[in-house]
Amino acid sequence: MLLPFVPNNLSAQSSDNPFELLHRMGVKPGAPTVDSAVLSNPFDLLVRPSANALLVAAEKAKPAKKRREWTLPKFDFKSNLTPAAILQRLNFGVTTFILLTLAFFMTLLRGTIIKVFQAFANENAFNQIFREREGRGVGVYAVLYLSFLINLGFFIFYLLHDLQVDFGMGHLTQLGICVGGVIAGFGLKHLVLGLIGLIFPVGREVSRYNFIMLVFGAALGLLLGPINILLAYGSPEWHKIFIWGTIGVIGLVYAFRSVRSLWLAGRIFASHLFHFLLYICTVEIAPVLTVVKLIFNQQ
């Protein structure tokens, strides 16, 4: 009974046997025609693609990435802005700088600002601050003084613009000349004073005079900041009032500072009259007259 059953049962097995391997059936892996049931055999290692082949096929199926080309940005240095547009941008930049510095000073240096105005109005307060800073450097007073120099440069720029004085170099260059000229002029003045203090026996008086300039300049710089904002965005009809009113205030402050400084120069004035007058004419008066003459020659 088994002999006829076994051959019939084996012959009933079709090619759907999942355990049948191709190489035992005489089929090569690269044959052009292979039964679909054989190709679906999960146990046939010769037909199923390898892991590397799957990875290669997956890479080929991915869309090609576009290569990003990096190029340097192109800057157009030949701006087509009109002078009015350039002046408007300068006004915005000047106003932003002034507002930021004022916010910084009023937030972090409020105590120093109070001392500055006390020293400005009272001689005893000035002496106290000078003794506190003597031998330790000027510190934050130099920052306030630098702000004054920059604001004075802004004011001179708006003064020249109101007087229609043009150097023929554009608004930005003219603003840089005004600010740089003020910083260079006052820096040269302090350098000359330092040399005088080293050469002549007036070192303490020169130190006090330098500190007076810092205190008065810091107080005046806090006034010039809002004035410059009014000149930048104020009505043109009020420009004359703002400019000449500010010049009058600067003149009064300068005269008050000169009177305060004469108390320091009492000993020098009595014993070195010629050298004192020589300094006044060379360092104090001559530079101011030279700048005024240059401004009016440009009109």
Side-chain angles (χ1 to χ4, degrees), residues 83-102 105 120 142-193 210 212-258 282-299:
I86 295 175
L87 181 61
Q88 186 177 5
R89 293 191 176 188
L90 287 179
N91 291 338
F92 177 77
V94 168
T95 304
T96 303
F97 173 80
I98 293 173
L99 292 177
L100 287 176
T101 53
L102 288 177
F105 294 154
F120 176 84
V143 178
L144 294 172
Y145 186 67
L146 180 61
S147 174
F148 155 70
L149 297 181
I150 296 174
N151 278 293
L152 183 59
F154 292 159
F155 177 76
I156 294 176
F157 169 75
Y158 288 118
L159 172 64
L160 296 179
H161 180 70
D162 188 75
L163 296 176
Q164 297 181 355
V165 176
D166 190 4
F167 298 148
M169 301 178 183
H171 292 302
L172 181 61
T173 305
Q174 189 159 320
L175 178 63
I177 291 174
C178 293
V179 176
V182 169
I183 295 176
F186 278 84
L188 182 61
K189 181 178 180 178
H190 286 287
L191 179 62
V192 171
L193 287 171
N210 276 326
I212 282 180
M213 293 177 61
L214 261 67
V215 169
F216 277 69
L220 192 58
L222 297 173
L223 170 67
L224 287 176
I227 292 296
N228 287 328
I229 295 177
L230 292 176
L231 291 175
Y233 289 102
S235 176
E237 291 78 10
W238 290 87
H239 279 189
K240 295 289 184 182
I241 299 176
F242 292 147
I243 288 176
W244 294 110
T246 305
I247 291 175
V249 172
I250 293 174
L252 291 176
V253 172
Y254 186 82
F256 183 47
R257 192 194 74 181
S258 300
T282 306
V283 181
E284 298 288 344
I285 299 177
V288 177
L289 295 179
T290 303
V291 171
V292 171
K293 183 176 178 59
L294 288 175
I295 290 175
F296 282 99
N297 286 341
Q298 294 293 329
Q299 286 185 317

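The shortest side-chain heavy-atom distance between Val283 and Leu193 does not fall under the 4.5 Å cut-off. Within the 4.5 Å cutoff, no side-chain heavy atoms of Val179 are placed close to those of Phe157. Between Leu230 and Trp238 there is no side-chain heavy-atom pair separated by less than 4.5 Å. Inter-residue side-chain proximity for Phe154 and Phe97 is flagged as met; some heavy-atom pair is nearer than 4.5 Å.
Annotation for Ile98 and Thr101: closest pair O-OG1, 2.8 Å, computed over non-hydrogen atoms. Residues Phe155 and Leu231 come closest through the heavy atom pair CD1-CD1, 3.8 Å. Of all non-hydrogen atoms in Cys178 and Leu160, the two that sit nearest each other are SG-CD1, 3.7 Å.
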(message) Would Phe105 and Val143 count as a side-chain contact (heavy atoms from CB on, under 4.5 Å) here? Give the steps.
(response) CA-CA 10 Å; Phe105 294 154; Val143 178; 3.9 Å; yes
(message) As a quick check of understanding, evaluate side-chain contact (heavy atoms from CB on, under 4.5 Å) for Leu222 and Leu102, giving each step before the final call.
(response) CA-CA 8 Å; Leu222 297 173; Leu102 288 177; 4.1 Å; yes
(request) Begin with the C-alpha distance, continue with both residues' side-chain angles, and end with the deciding distance and a verdict on side-chain contact (heavy atoms from CB on, under 4.5 Å) for His171 and Asn91. (result) CA-CA 11 Å; His171 292 302; Asn91 291 338; over 6 Å; no
(request) Begin with the C-alpha distance, continue with both residues' side-chain angles, and end with the deciding distance and a verdict on side-chain contact (heavy atoms from CB on, under 4.5 Å) for Leu224 and Ile250. (result) CA-CA 9 Å; Leu224 287 176; Ile250 293 174; 4.2 Å; yes
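Taken from OG1 in Thr282 to NZ in Lys189, the straight-line distance is 12.0 Å, to the nearest 0.5 Å. Going from atom CZ of Phe92 over to atom OG1 of Thr96 covers 4.0 Å, rounded to the nearest 0.5 Å. Taking CD1 from Ile156 and CG from Leu175, the interatomic distance works out to 11.0 Å, rounded to the nearest 0.5 Å. Distance check, rounded to the nearest 0.5 Å: CG of Leu152 to OG1 of Thr246 gives 11.0 Å. How far CG of Leu163 is from NZ of Lys240: 5.5 Å, rounded to the nearest 0.5 Å. A distance of 10.5 Å separates OG1 of Thr95 from CG of Leu90, quoted to the nearest 0.5 Å.
Using cut-offs of 30° and 60° on the angle between ring planes, the pair Phe256 and Phe120 is perpendicular.
Among Ile150, Asn151, Leu144, the single residue meeting the side-chain contact (heavy atoms from CB on, under 4.5 Å) criterion with Ser147 is Asn151.
Every residue was checked against the ring-ring contact (aromatic ring centres under 6.0 Å, His included) condition with His239, not counting sequence neighbours, and none meets it. For Ile285, the side-chain contact (heavy atoms from CB on, under 4.5 Å) criterion is met by Ile280, Leu289, not counting sequence neighbours.
The environment of Tyr254 atom OH is dense: over 12 non-hydrogen atoms of other residues, nucleotides or ligands sit within 6.0 angstrom. Shown here is His161, whose NE2 atom has no more than 12 heavy atoms of other residues, nucleotides or ligands within 6.0 Å.
Side-chain rings of Phe148 and Tyr145 approach one another, their centers coming within less than 6.0 Å.
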Check residues 180-187 and write down every donor-acceptor pair under 3.5 Å in which the side-chain atom is one partner and the other belongs to a residue at least two apart or another chain.
none

